[in-house]
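In what follows, a structure is listed as C-alpha cells, so that the remarks can point back to it.
By convention in this document, chain letters (A, B, ...) are assigned in the order of the sequence lines, proteins followed by strands, and residues within each chain are numbered from 1. What you are looking at is a predicted structure, and each value in this text was computed from that prediction instead of being measured.
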There are 2 protein chains.
Amino acid sequence: MHKTLPLPPLTAIRVFEAVARHGSFTNAASELGMTQAAVSYQIKVLEDRIGAPLFLRRPRQIALTEVGQRLAPVVTQVFEQLSEAYVSARGGAQGTLVISTIATFASNWLARRLGSFQIAHPSLAVRLQTDPHLVDFSREEVDIGIRSGRGDWPGLVAHRLINADFAPMLSPGLAASIGGVKEPADLLRLPLLDPGDPWWARWFAAANVPVEGLASRPGASMGAQVYEGNAATAGQGVAILTPAFFAAELADGRLIQPFDLLCDDSQAYWLVYPESRRNSPKISAFRQWILGELGPSKR
Amino acid sequence: MHKTLPLPPLTAIRVFEAVARHGSFTNAASELGMTQAAVSYQIKVLEDRIGAPLFLRRPRQIALTEVGQRLAPVVTQVFEQLSEAYVSARGGAQGTLVISTIATFASNWLARRLGSFQIAHPSLAVRLQTDPHLVDFSREEVDIGIRSGRGDWPGLVAHRLINADFAPMLSPGLAASIGGVKEPADLLRLPLLDPGDPWWARWFAAANVPVEGLASRPGASMGAQVYEGNAATAGQGVAILTPAFFAAELADGRLIQPFDLLCDDSQAYWLVYPESRRNSPKISAFRQWILGELGPSKR
DNA sequence: TCTTATGCATTAAATGGCCTTATGTATGAT
DNA sequence: ATCATACATAAGGCCATTTAATGCATAAGA
C-alpha cells in the first residue's frame, strides 16, 4: 500500500491561486464565477487547514503573508501544469480515430473513400483495425466499429450504413455476347463466378428460376466480393454482389445489374459507437462524413 | 483580467491519480478512504469531461488507455509538488514565532528568560518586535502579543501574566545604613529614585504617609524600571518597582521589599493571540512555556 | 461443468460541502 | 459627514459526492 500524500483541500487551493494572482477576493471571485463570500469562505478553510493566515487584511487591499508567498508560486505552477496536461488529454483524445471494421467493408467500401475523410480532417490520424469479432469498447481502445448485424446492441448507437443485399452483376460486354440479358434464366448461359455461394441459390429461387447443380459448398463470399467484382468487370463471368459495394462501377457502366430483384440476407452494415461518446468531436466528424458519403450515392 | 485556465474536476483528478497508481479501483478506494462505487463515479466524471476513456476495463484488472497513460504521470507529479508545498507551508508556518510586545515587558522580564524557551524549542525561531500599539493580528504578521490592559479584547484569547503592581525596593545594605527600614516613613530618610514617578505618591498615600514635595513630573517609569532596579541594587536609593519584574533579585537578596503593601495600577500584562489560532503548535508551546515560567516563581 | 470469488458498474437514497443572498464592519475618498 | 469599496459573517438551500445494496462478467477452483 502506497503512502497517501497529505493534500490540501483542492477547491480551496484553486480559489487561493486565483486570489493570490489577483490580490483581491472580489476580483478572484468574478474570475472564478462565484461570489466574494464563497471566496472568503474558501480562504478561511485553507487558512484553518494550514494553521496560519495566508493573507493580511489591509484596508483596501490584501497582501500575502510569508506563508502565502511561499505557497502561491508553487500552486500557480502546479495548476499550469495540470491545465496543460488536461487540455492535451482532451485534445490528444481527439487526435486519433481508431476504427474497428470487418475486412469486407474495409476493402469493398471504406478503402476507396477514406482518403476524402482524411483530407477533410487533416489533424485526425485514422487507424484501421480489421477484426472479425464485435469489438467491446469497454476493453479495447477503439473509437468506432463497423459491423454487420441487426443493429440492436445495448449501450451502443448504431447507424445503418448499407444493406447486405445482393443481385447478379456482369460487364456490359459479357451481356452483349449473348445478345443481352433479358430474363433471369439468361444468366445461366454465362459462367457464374463462385457458383457455390449460397446467395446464388437464394437469388434464383426468388426469381422463380429452378436451378440444379450449384455446388453447395460453404461460401467464402464475404470478403471476397472485391475479387469477384474485379473478375466480373473484366468480363470473366457473372457475379452476385452487393450493389452498394459497386456503386461506382454501376454508375460508370463498367458493371450492369440487369434485374432490380434484390435478395436480402436480413443483414446490414452498421456504424456503431458507445452512446456515452456520441458527442465526441472525432466520432461526430466520422459519423457526419460517412452518412454524407452514403447520402448522394446510395441510400 | 487574467485568462482562466481550463482545469479538470479536481476531486476526480485526485481519484484518478490514486487509481492510476494502484491499477485498481478497489485499492484506490481503500487508500482514499472511500467506497469503490465513489471511485467508479469519479472516474466516469473525469472520462466524460475529457471525452475519452482513461482505463480499459479488463476482466480482473484495468489498464490505462493511451490518454490515461499520458495524463497519469503529470498528475502524480503535480500532486507530489502540491503536497510538498502544502506540508512545507504547514511546517513553515510553525517555524517562526513573532512576538509583539511592549518594551517594558521585553526588557524587564522576557529578555532574561527567552533563552530557556529557545532551548526547549530549538526548531522555533523567535522574532521579538517591540511596538507601543496593540497589534492587530488581522493586518500584521504577528503570532502573539504581550500587552497591558484589562484583558477583554474581542476575538482574542488573553492570559494574565503579571499584575502591574508596585512597591518600594532597596538593597539590604542601604536599609542597614539607617538601621533597617521598619515603617514606610523610614523610606523618606533615603534617596528616592525618580521621585516624580506618580507611583510614589500613590504608594505613600496607600501607606498613610503624608508626603510633600514629590515633583509631579510625568513619569517615564514604564520601561525604565530595569534601570531603576539596577540603581537600587547598587544601593543608590529606593526604587518603586513591580515585584514580578525583580523576582530573581528579591529571591537572592540583592533587593528587599520591606513592606507587603502593593499598590495597583489596575493594569496587568497579558499574553494574547487570536482565538482561531488557539491550537497552533507554536502558540501552544509558547503559552505553555510562559505560564510554566510564571508558575514556580511568581504567580 | 458447476461453484465460488473477485472486481467494476449501477441504482437510489442520504449527506454535507459549497455556494448564494443578505447584512455587517472597517476604511478611504469625496 | 456621507458615500463607496472590500472583506467578514450568518443563514439557508442545493447539488455534488458518497454510501449501501445489488448486478454483471470473468477467472479460478473443485
Next on the checklist: Is it the case that over 12 heavy atoms from other parts of the model lie below 6.0 angstrom from the CD atom of Q118(B)?
Outcome noted: yes
The complete set of salt bridge (charged side-chain N to carboxylate O under 4.0 Å, His left out) pairs with one or both residues in residues 38-56 of chain A, sequence neighbours excluded, reads E47(A)-R57(A)
To the nearest angstrom, the CG-P distance between L56(A) and dA8(D) comes to 12 Å
Listing time: all N or O pairs from protein to nucleotides 13-15 of chain D that are below 3.5 Å?
none

Heavy-atom nearest nucleotide on DNA chain C taken for A37(B) and for R139(B); more 5' hit belongs to A37(B)
Residues at least two apart in sequence or cross-chain that pass side-chain hydrogen bond (donor to acceptor under 3.5 Å, both in side chains) with T76(A), listed by chain then number, are E17(A)
Report, one pair per line, the protein and nucleotides 15-19 of chain C atoms (nitrogen or oxygen only) whose separation is under 3.5 Å.
unit_1	atom_1	unit_2	atom_2	d
dC18(C)	OP1	T11(A)	OG1	3.4
dC19(C)	OP2	Q42(A)	NE2	2.7

Plane angle bin for W289(A) and F286(A) - parallel if under 30°, tilted between 30 and 60°, otherwise perpendicular: tilted
**Message:** Within the 3.5 Å criterion, strictly below it, is a donor on Q94(B) or S280(B) matched to an acceptor on the partner's side chain?
**Reply:** yes
Taking N or O atoms only and anything under 3.5 Å, show me the protein contacts with nucleotides 5-7 of chain D, one pair per line.
unit_1	atom_1	unit_2	atom_2	d
dT5(D)	O4'	R60(A)	NH1	3.4
dT5(D)	O4'	R60(A)	NH2	3.2
dC7(D)	OP1	F25(A)	N	3.0
dC7(D)	OP2	T26(A)	N	3.0
dC7(D)	OP2	T26(A)	OG1	2.4

Taken to the nearest whole Å, CG/L46(B) to P/dT17(D) is 11 Å
Taking atom types as modelled and ignoring hydrogens, do the side chains of R147(A) and S100(A) form a donor-acceptor contact shorter than 3.5 angstrom? yes
Here the salt bridge (charged side-chain N to carboxylate O under 4.0 Å, His left out) pairs for residues 64-83 of chain A, sequence neighbours left out, are E66(A)-R127(B)
Point to revise | K44(B) vs dC8(C): side-chain N/O to OP1/OP2 distance below 4.0 Å | key: no
Between the side chains of R58(B) and S138(A), is a donor N or O closer than 3.5 angstrom to an acceptor N or O? no
*W270(B) side chain vs G149(B) backbone, donor-acceptor pair below 3.5 Å*: yes
*Give a yes-or-no answer on whether the side chains of S284(B) and R287(B) include a donor-acceptor pair shorter than 3.5 Å.*
yes
Rounded to whole Å, the CG-P distance (D136(A) to dC8(C)) equals 16 Å
| field | Side-chain donor-acceptor pair present, H159(A), Y273(A), cut-off under 3.5 Å | value | yes
Here the distance between atom P of dT18(D) and atom CD1 of I43(B), to the nearest Å, is 12 Å
note: I13(B), atom CD1; dT17(D), atom P; distance rounded to Å ~ 12 Å
